J.: 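My questions all concern the structure below.
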Protein chains: 2
Amino acid sequence: MSLRHALLAALSQGEASGYELAKRFDVGVAEFWSATPQQLYRDLERLEQDGMVSARVVEQSRRPNKRVFSLTAAGREELRAFTRRPAKPPAMRDEFLVQLQAVDLTDPGAAVEAAATRRERARQKLAGYDQLRERMLAGRGETEFYAESSQVGPYLTLMAGRMYEQLNIRWATTVIETLTRRGESAPAADGE
Amino acid sequence: MSLRHALLAALSQGEASGYELAKRFDVGVAEFWSATPQQLYRDLERLEQDGMVSARVVEQSRRPNKRVFSLTAAGREELRAFTRRPAKPPAMRDEFLVQLQAVDLTDPGAAVEAAATRRERARQKLAGYDQLRERMLAGRGETEFYAESSQVGPYLTLMAGRMYEQLNIRWATTVIETLTRRGESAPAADGE
DNA sequence: AACTCCATGTAACATGTTACATGATTCG
DNA sequence: CGAATCATGTAACATGTTACATGGAGTT
């Protein structure tokens with residue numbers, strides 16, 4: 001029961017429609033909680049029924065109307081209560097690591113390609129995060145920012161995302177180099 | 001449908017019982033794929049029905065008997081096919097990051113504590129990984145190891161786990177310092 | 001004319017989590 | 001004697017994923 005909380009946390013940064021939240025969750029900011037659009041729509045419904053968020057229809061001229069959600073007092077209270085409870089340990093699901101675990105019984109070429117894909121993805125994510133960071137800092141240094149801003153939370157989670165992608169880049173590079181070097185010296189493990 | 005593949009990958013390192021796999025998944029090695037014991041038992045059943053693994057009952061003297069699972073030829077083939085398919089992007093679920101995202105509207109004290117817990121956990125995981133690493137290297141240097149071993153896959157995933165926990169330690173430290181410094185200068189954001 | 005973007009949803013299905021049950025053995 | 005460890009499971013429930021549906025506006 002925790003996408004609900006992720007949604008509340010996202011809405012604590014300001015109101016948004018389901019579609020906008022879907023983009024945030026699918027693409028970028030929320031590197032730490034993944035969800036598909038369908039989940040969002042479903043859980044927003046439920047949050048509304050539970051009185052945690054309220055929806056307001058915004059009519060648009062040459063676009064479909066949208067329902068913009070914002071936190072209610074109850075929602076804010078629930079979010080506060082959540083932040084005081086101990087957090088569950090993080091859970092990861094990484095198919096590429098599963099594939100790599102079994103690399104010794106396959107063609108390492110596929111793994112090298114997959115690592116390159118991973119690295120490229122990480123670079124793009126990192127670039128996105130860096131832009132966001134510039135916008136948040138708005139010309140100030142980190143120390144100034146910490147003193148002035150009321151957005152320390154989002155900044156710290158953004159830093160987590162940045163560090164994570166930097167790690168991905170470094171690590172993927174190691175994987176590529178290691179497997180490539182092996183492929184050269186040993187003539188590849190063909191068959192069993 | 002991918003815990004199945006994680007199980008196949010785990011079994012590619014040698015046969016194991018459900019209970020043993022549960023420990024690997026719950027505690028340590030498989031930092032990159034989390035699962036509860038119940039899931040494992042259920043999916044092992046299914047894998048057996050599908051002919052991907054075969055079970056062998058091992059009678060034990062002063063312990064309950066156990067069913068030890070190993071890959072069948074079909075299972076190994078399925079695993080190979082899986083490693084050749086493009087991997088889905090990784091998915092993370094991290095409650096602490098959700099809490100931190102909303103830190104600006106709560107007491108930062110709870111977040112500092114949570115960060116300290118996270119750091120402690122990361123240290124313990126890292127220590128476990130380091131031990132495992134020593135055992136894998138068995139006195140050899142990395143270069144030697146890469147040249148000799150048929151366990152490059154597990155080693156590389158282990159490295160990913162190590163780097164990830166090192167990141168956690170560094171990042172949690174930043175969070176603690178930042179929030180503590182803020183708590184000193186500003187007299188804490190009480191109420192709204 | 002075909003395609004992408006905005007915007008929201010339903011329904012069916014697959015996975016993951018929690019609570020509970022069992023029963024012997026070893027450790028303090 | 002109570003707790004932890006080994007070892008496996010069932011059942012109920014909560015979440016997450018996939019496929020499909022709709023429909024106007026702008027873009028190539």
Side-chain angles (χ1 to χ4, degrees), chain A residues 1-8 15-27 30 32-50 53 55-69 82 85-95 98, chain B residues 1-8 15-28 30 32-50 53 55-69 82 85 87-95 98:
Chain A
M1 234 212 238
S2 210
L3 170 55
R4 293 165 65 88
H5 295 119
L7 278 169
L8 294 177
E15 53 171 27
S17 69
Y19 189 83
E20 286 155 4
L21 287 166
K23 290 190 111 181
R24 287 196 214 168
F25 272 77
D26 209 47
V27 185
F32 48 93
W33 206 276
S34 53
T36 57
Q38 287 64 28
Q39 261 183 285
L40 300 189
Y41 284 117
R42 190 170 59 182
D43 280 8
L44 283 168
E45 276 305 313
R46 285 200 248 164
L47 283 170
E48 199 190 3
Q49 277 165 30
D50 298 349
V53 306
R56 178 172 60 88
V57 175
V58 173
E59 312 229 0
Q60 296 183 118
S61 45
R62 25 196 78 239
R63 299 242 159 275
N65 295 345
K66 59 181 173 179
R67 302 180 70 212
V68 173
F69 296 91
F82 168 71
R85 287 204 293 274
K88 286 191 207 152
M92 226 198 293
R93 301 273 153 82
D94 193 331
E95 282 199 350
V98 174
Chain B
M1 236 212 236
S2 211
L3 170 57
R4 292 165 67 85
H5 294 119
L7 278 169
L8 295 177
E15 54 171 26
S17 70
Y19 189 82
E20 286 155 4
L21 287 166
K23 291 190 110 183
R24 289 197 213 168
F25 272 78
D26 209 47
V27 185
F32 48 92
W33 204 277
S34 53
T36 57
Q38 288 65 28
Q39 261 182 286
L40 301 190
Y41 284 117
R42 190 169 58 182
D43 279 8
L44 282 168
E45 276 304 314
R46 284 200 247 165
L47 283 170
E48 199 190 2
Q49 276 164 32
D50 297 350
V53 305
R56 178 173 59 88
V57 176
V58 172
E59 310 228 1
Q60 296 183 117
S61 45
R62 24 197 78 237
R63 298 242 158 276
N65 295 345
K66 58 181 176 180
R67 301 179 70 211
V68 174
F69 295 90
F82 169 70
R85 290 205 290 275
K88 287 190 206 152
M92 226 196 293
R93 300 274 154 81
D94 194 331
E95 281 200 349
V98 174

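Atoms considered below: every heavy atom in the structure, side chains included; atoms not considered: hydrogens, waters and symmetry mates. Quick note on labels: first sequence line is chain A, next is B, and so on, each numbered from 1. For clarity, every value in this text was computed on a predicted model and none was experimentally measured.
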J.: Just verifying a value: how many Å separate A/E95 CD and B/W33 CH2, rounded to the nearest 0.5 Å?
T.: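 Between A/E95 CD and B/W33 CH2, I get 5.5 Å after rounding to 0.5 Å.
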J.: Tell me the interatomic distance from B/L21, atom CG, to D/dA7, atom P, rounded to whole angstroms.
T.: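 Between P of D/dA7 and CG of B/L21: 12 Å.
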J.: At less than 4.0 Å, is any side-chain N or O atom of A/K23 found next to OP1 or OP2 of C/dC6? Yes or no.
T.: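 Answer yes for this pair, as a side-chain N or O of A/K23 is under 4.0 Å from OP1 or OP2.
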J.: Separation of B/Q60 atom CD from D/dT8 atom C1', in whole Å?
T.: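 So the two atoms are 13 Å apart, to the nearest Å.
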J.: When the distance from CG of B/N65 to C1' of C/dT22 is rounded to whole Å, what number comes out?
T.: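 Spelled out: CG on B/N65 to C1' on C/dT22 is 15 Å.
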J.: Check the distance between C/dC27's P and B/R62's CZ and give it to me in whole angstrom.
T.: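 Value for this atom pair: 11 Å.
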J.: Taking 4.0 Å as the cut-off, does a side-chain nitrogen or oxygen of A/R93 come that near to OP1 or OP2 on C/dG16?
T.: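 Answer yes for this pair, as a side-chain N or O of A/R93 is under 4.0 Å from OP1 or OP2.
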J.: In whole Å, what is the span from the CD atom of B/E95 to the P atom of C/dT17?
T.: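 It is 11 Å, rounded to the nearest whole Å.
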J.: Report yes if at least one side-chain N or O of B/R42 is closer than 4.0 Å to OP1 or OP2 of D/dG9; otherwise report no.
T.: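 Indeed not, no polar side-chain atom of B/R42 lies that close.
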J.: Think B/R67 has a side-chain N or O under 4.0 angstrom from the OP1 or OP2 of D/dG9?
T.: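 Yes.
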J.: Ignoring hydrogens and geometry, is there a side-chain-to-backbone donor-acceptor pair from A/S17 to A/E20 under 3.5 Å?
T.: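 Confirmed, A/S17 side chain pairs with A/E20 backbone.
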J.: Looking only at side-chain atoms of A/R46, point me to the closest of C/dT8, D/dT15, D/dA7.
T.: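 Shortest atom-to-atom distance from the side chain points to D/dT15.
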J.: B/W33 CH2 to C/dT15 P: how many Å, rounded?
T.: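 Atom CH2 in B/W33 sits about 10 Å away from atom P in C/dT15.
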J.: For B/K66 and for A/D43, locate the closest nucleotide of DNA chain D by heavy-atom distance; then report the residue assigned to the nucleotide nearer the 5' terminus.
T.: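 Whichever sits nearer the 5' end wins; that is B/K66.
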J.: Considering just the side-chain nitrogens and oxygens of B/Y41, establish if one lies under 4.0 Å of OP1 or OP2 belonging to D/dG9.
T.: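 For D/dG9, neither OP1 nor OP2 has a side-chain N or O of B/Y41 closer than 4.0 Å.
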J.: Quick one: pull up CG in A/L3 and CG in A/D43 and give me the separation to the nearest 0.5 Å.
T.: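 Answer for the CG-CG pair, A/L3 versus A/D43, is 4.5 Å.
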J.: Could you state the CD-P distance from B/Q39 to D/dG16, rounded to the nearest angstrom?
T.: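 After rounding, the reported distance stands at 13 Å.
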J.: Output the single nucleotide from D/dT17, D/dT8, C/dT18 whose closest atom is nearest the side chain of B/Y19.
T.: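 Given the options D/dT17, D/dT8, C/dT18, the side chain of B/Y19 is closest to D/dT8.
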J.: Strictly distance-based, threshold 3.5 Å: is any side-chain N or O of B/E15 a donor or acceptor partner for the main-chain N or O of B/V68?
T.: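 No; judged by distance alone, with no hydrogens or angles, the pair does not exist.
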J.: May I ask you to verify if any side-chain N or O of A/K88 is less than 4.0 angstrom from the OP1 or OP2 atom of C/dT18?
T.: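 Yes, such a contact exists.
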J.: Please determine whether any donor N or O and acceptor N or O are separated by less than 3.5 Å between the side chain of A/Q38 and the base of D/dG16.
T.: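 No pair found.
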J.: Please give me the minimum heavy-atom distance between A/A6 and B/V98, naming the atom from each residue.
T.: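 Taking A/A6 first and B/V98 second, the nearest heavy atoms are CA-CG1, 3.7 Å.
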J.: Please report, rounded to the nearest Å, how far the P atom of D/dA4 is from the CZ atom of B/R63.
T.: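 Spelled out: CZ on B/R63 to P on D/dA4 is 16 Å.
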